[in-house]
Amino acid sequence: MHTRKGYKVYPLTVAQKFHLYYQDFCPKKQVVNIGTSLTIEVELNWDELKKAIYKAYERCESMRLRLAQDKEGNWYQYVVEKEERDIEFVDFSGKTMEEAESIMRQWTEVPFAHQDKPLNRIVMIHMPDGYNGIYFLADHITMDAQSLICFMKDIIELYCNANYEGIEYPSEMASYIEQLQKDLAYEAGCKAKTRDEEFFRKLIESSEPIYNGLDGTRKLEEERKKTGEPDLRAAVNVSDSVDSALDIFHLEEEPTRRLMSFCEKYHVSLACLLIMGLRTYFQKMNGNDDVSINTAIARRATLMEKKSGGTRIHSFPFRTIISEDKTFLEGIYEIRDKQNEMFRHANYNPVSYFAYRAQLYHTQNGQTYEPMSLTYQPLTLREKGLDKLGGIKYKTKWYPNGATTQGMYLTVMHRSDDNGLDFNFEHQIKAVSKKELEYLYYYLCKIMFKGTENPNLPIGDIMKLI
């Protein structure tokens, strides 16, 4: 049995290797950083908060994860018994909110040293607006947004249980190592893996997708000219710089509620509605019924997967061919059915997917069929217990790390204060402009509202009406 510093070591999972893979190609190593803050409108006992943080570390194995590299350059992982480093405290009194947030953005742009070092950082913060809480930074190789929210929720519940009456002690977290062993057993080979591979191979072999641009067919036509291939169906949608910006558009509480009511009425997820809105936008701009975008799948169906921490996201192209004479609702149901089918096979290695597709259709490095990626993050801190805190106001904020290897990545999340939607567009500054994003967001909303108000209207009519 291999050990390091007395701890058993394990290989990395496919989801972890994916983050290392694109980090290797990125000149800005902070590309795998996730930075966020959570603050509440009450005075905090900082000693008690520190105790809650240490307790949360104790309960969550993936927060004590370490990486190490062998002589051949292979990375592996192990979990240390406890975290003993000090939890910092920073008082932002005397600074403006903009200055405080600028400092936290700078923290988010500092990459972690991987070899045998902690892969997260927690700072207790007192903000200029009187709110108090924590800034939290994690390496994506050890955490995704869902496990990050789960961990922060654990800190709050542990703190509140110790300091307020009537707040139950939070239920135990699940073992990261147990879940990791299950994932590694799947990756080593089993019937389920064979079935998943067959599913995706058939999907890829069915026919070649086509690239749809944010501003129409310009990029595809440019790529055809450049390569001298008039029938080329793939294009390059990234720039020569990974420098990124984060532009956020806010949808108010009431219109968000209308979209959510539609989803409840027709038994579909908001993710289906978002995909329908985006693909209809690209269909309108490019004149193709055939539209592909990348979508992230959280792979957290079981209780163990939900509570074991770590990073579990697999990202696959989501392709739909929906004709203009289909109704908006028919399109959404088609997306729902296809999503459900994909979820069943989502443990498959996305890198193998992209490698097989590139080999089959002879795409060159950098060429893609997908103009963007989408993640919908349904989990909020408001759920499951935190509504018992007597209406205490709290704020969450995400901080960009300043780099992305993708042209455009949209993360849609619910705001903590009113449950409205935030559309977070992280994009390469040289690949996509803010003006293009404003245009996309404007038409995405128009399509979603027109469609939800008239679900039996053909898609072609909706595109004419907006």
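For the numbers below, each heavy atom of this structure counts, side chains included, while hydrogens, waters and symmetry mates do not.
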Chemist: Can you find a side-chain donor-acceptor pair between Q77 and Y176 that sits under 3.5 Å?
Modeler: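 Judged by distance alone, the side chains do pair up.
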
Chemist: Is the Lys NZ or Arg CZ of K5 less than 6.0 Å from the centre of Y78's six-membered ring, within 45° of the axis?
Modeler: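 Ring-cation test returns no.
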
Chemist: Got a salt bridge between E83 and R66, using NZ or NE/NH1/NH2 to carboxylate O under 4.0 Å?
Modeler: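 Salt bridge between E83 and R66, a charged N being under 4.0 Å from a carboxylate O: yes.
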
Chemist: Can you tell me if N74 uses its side chain to pair, donor with acceptor, with the backbone of D70 under 3.5 Å?
Modeler: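 No: the side chain of N74 does not pair with the backbone of D70.
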
Chemist: Say whether D290 and Y369, considering side chains only, have a donor N or O and an acceptor N or O under 3.5 Å apart.
Modeler: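 D290 vs Y369: no donor-acceptor pair found between side chains.
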
Chemist: Would you call E198 and R201 a salt bridge, taking side-chain N to carboxylate O under 4.0 Å as the test?
Modeler: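 No, E198 and R201 are not salt-bridged.
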
Chemist: Please examine the side chains of I156 and L38, heavy atoms only from C-beta on, and report whether any two atoms are closer than 4.5 Å.
Modeler: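 A side-chain contact exists here, since the closest heavy-atom pair is under 4.5 Å.
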
Chemist: Could you tell me whether E253 and R257 have a side-chain N and a carboxylate O separated by less than 4.0 Å?
Modeler: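 Yes, E253 and R257 are salt-bridged.
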
Chemist: Please check if the side chain of N132 supplies one atom and the backbone of G130 the other of a donor-acceptor pair under 3.5 Å.
Modeler: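 Looks like yes, one N/O pair under 3.5 Å.
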
Chemist: Which label fits F18 and Y21: parallel for a plane angle under 30°, tilted from 30 to 60°, or perpendicular past 60°?
Modeler: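 F18 vs Y21 ring planes: parallel.
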
Chemist: Assess the residue pair F316 and F200 against the criterion (ring pair (Phe, Tyr, Trp, His ring centres under 6.0 Å)); give the C-alpha distance rounded to whole Å, side-chain angles, the decisive distance to 0.1 Å, and a yes or no.
Modeler: CA-CA 10 Å; F316 294 101; F200 279 115; 4.6 Å; yes

Chemist: Assess whether a salt bridge exists between E172 and R59, defined as any Lys/Arg side-chain N lying under 4.0 Å from an Asp/Glu carboxylate O.
Modeler: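 A salt bridge is present here (some side-chain N lies under 4.0 Å from a carboxylate O).
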
Chemist: Would you check if I155 and I122 make a side-chain contact, meaning some heavy-atom pair closer than 4.5 Å?
Modeler: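 The answer is yes, as the side chains (C-beta and beyond) meet within the 4.5 Å cut-off.
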
Chemist: Less than 6.0 angstrom separating the ring centers of F199 and Y348, yes or no?
Modeler: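 No, they do not, as the ring centres are separated by 6.0 Å or more.
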
Chemist: Does a side-chain N-to-carboxylate-O contact under 4.0 Å join E436 and K219?
Modeler: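 Looking at K219 together with E436, the answer is no, because their closest N to O distance does not fall below 4.0 Å.
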
Chemist: Crowded around Q115 CD? As in, over 12 foreign heavy atoms under 6.0 Å?
Modeler: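 Result for CD/Q115: enclosed.
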
Chemist: Determine the minimum heavy-atom distance between Y394 and I40, stating which atoms define it.
Modeler: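 Result for this residue pair: CB-CG2, 3.2 Å.
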
Chemist: If we only count heavy atoms from C-beta on, is the C150 to M173 side-chain gap below 4.5 Å?
Modeler: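 SC-SC contact between C150 and M173 confirmed.
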
Chemist: Please determine, by modelled atom types, if S175 and E61 share a side-chain donor-acceptor pair under 3.5 angstrom.
Modeler: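 Yes, a side-chain donor-acceptor pair sits under 3.5 Å.
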
Chemist: Tell me yes or no: between the side chains of D247 and Y441, is some donor less than 3.5 Å from an acceptor?
Modeler: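 No pair is found: no donor N or O on one side chain lies under 3.5 Å from an acceptor on the other.
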
Chemist: Hey, are the side chains of Y186 and D196 touching, using non-hydrogen atoms and a 4.5 Å cut-off?
Modeler: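 In contact.
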
Chemist: Short question: side chain of N237, backbone of P371 - any donor-acceptor pair under 3.5 Å?
Modeler: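 At least one qualifying donor-acceptor pair exists.
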
Chemist: With a 6.0 Å cut-off (strictly less than), is the heavy-atom count around NZ of K95, excluding the residue itself, greater than 12?
Modeler: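 No.
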
Chemist: Over all heavy atoms of both residues, which pair between I332 and C272 is shortest? Give the atoms and the distance, please.
Modeler: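 Answer, listing the atom of I332 first, then C272: CG2-CB, 4.4 Å.
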
Chemist: Could you report the tightest heavy-atom contact between N401 and V31, atom names first, then the distance?
Modeler: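 Between these two residues, the closest heavy atoms are ND2-O, 3.2 Å.
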
Chemist: Is the number of heavy atoms from other residues, nucleotides or ligands within 6.0 Å of NZ (K182) greater than 12?
Modeler: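 No - once you tally the heavy atoms of other residues, nucleotides and ligands closer than 6.0 Å, there are 12 at most.
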
Chemist: Does a side chain donor of either S207 or R319 reach within less than 3.5 Å of an acceptor in the other side chain?
Modeler: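 Side chains of S207 and R319: pair found under 3.5 Å.
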
Chemist: Aromatic ring centroids of F249 and F425 under 6.0 Å?
Modeler: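 So the answer is yes for these two rings.
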
Chemist: Could you tell me whether F89 atom CZ has more than 12 heavy atoms of other residues or ligands within 6.0 Å of it?
Modeler: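 More than 12 within 6.0 Å, yes.
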
Chemist: Flag the pair Q146 / I313 as yes when at least one side-chain heavy-atom distance between them is below 4.5 Å, and no otherwise.
Modeler: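 Q146 does not reach I313 side chain to side chain.
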
Chemist: Measure across H427 and V432 and return the closest heavy-atom pair with its distance rounded to 0.1 Å.
Modeler: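 For H427 versus V432, the nearest heavy atoms are ND1-O, 2.8 Å.
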
Chemist: Can you tell which of D243, T404, T405 makes a side-chain hydrogen bond (donor to acceptor under 3.5 Å, both in side chains) with K28?
Modeler: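 Single pass found, and it is D243.
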
Chemist: Are side-chain N/O atoms of H114 and D139 paired as donor and acceptor at under 3.5 Å?
Modeler: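 Side-chain D/A pair, H114 to D139: present.
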
Chemist: Is the closest side-chain donor-acceptor distance between E205 and Y356 under 3.5 Å?
Modeler: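 Yes, Y356 and E205 have a side-chain donor paired with an acceptor closer than 3.5 Å.
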
Chemist: Where does the angle between the aromatic ring planes of F92 and W107 fall among parallel (under 30°), tilted (30 to 60°) and perpendicular (over 60°)?
Modeler: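 Ring orientation, 0 to 90° scale: tilted.
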
Chemist: If you compare all heavy atoms of P209 against all heavy atoms of R233, which two are closest, and at what distance to 0.1 Å?
Modeler: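 Looking at all heavy atoms of both residues, the closest pair is O-NE, 3.0 Å.
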
Chemist: Rounded to the nearest 0.5 Å, what's the gap from CG on L49 to CD1 on I125? Could you check?
Modeler: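 L49 CG to I125 CD1: 10.5 Å, rounded to 0.5 Å.
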
Chemist: So do the side chains of Q406 and E426 get within less than 4.5 Å of each other, counting heavy atoms only?
Modeler: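 A side-chain contact under 4.5 Å is absent here.
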
Chemist: What heavy-atom pair brings G277 and M448 nearest, and what distance separates the two atoms?
Modeler: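 Closest approach of G277 to M448: CA-CG, 4.2 Å.
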
Chemist: Salt bridge (Lys or Arg N to Asp or Glu O under 4.0 Å) for E157 and K153? Distances and angles first, verdict last.
Modeler: CA-CA 6 Å; E157 290 184 335; K153 188 168 171 289; 3.2 Å; yes

Chemist: Hey, is E341 close enough to K338 for a salt bridge, meaning N to O under 4.0 Å?
Modeler: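 Result for this pair is no, no salt bridge flagged.
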
Chemist: Answer whether the closest heavy-atom distance between the side chains of R300 and S147 falls below 4.5 Å.
Modeler: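 Yes, side chains in contact.
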
Chemist: Determine, step by step, whether H414 and Y376 satisfy the ring pair (Phe, Tyr, Trp, His ring centres under 6.0 Å) criterion, reporting the C-alpha distance in whole Å, the side-chain angles of both residues, the deciding distance to 0.1 Å, and the verdict.
Modeler: CA-CA 9 Å; H414 291 274; Y376 167 55; 5.8 Å; yes

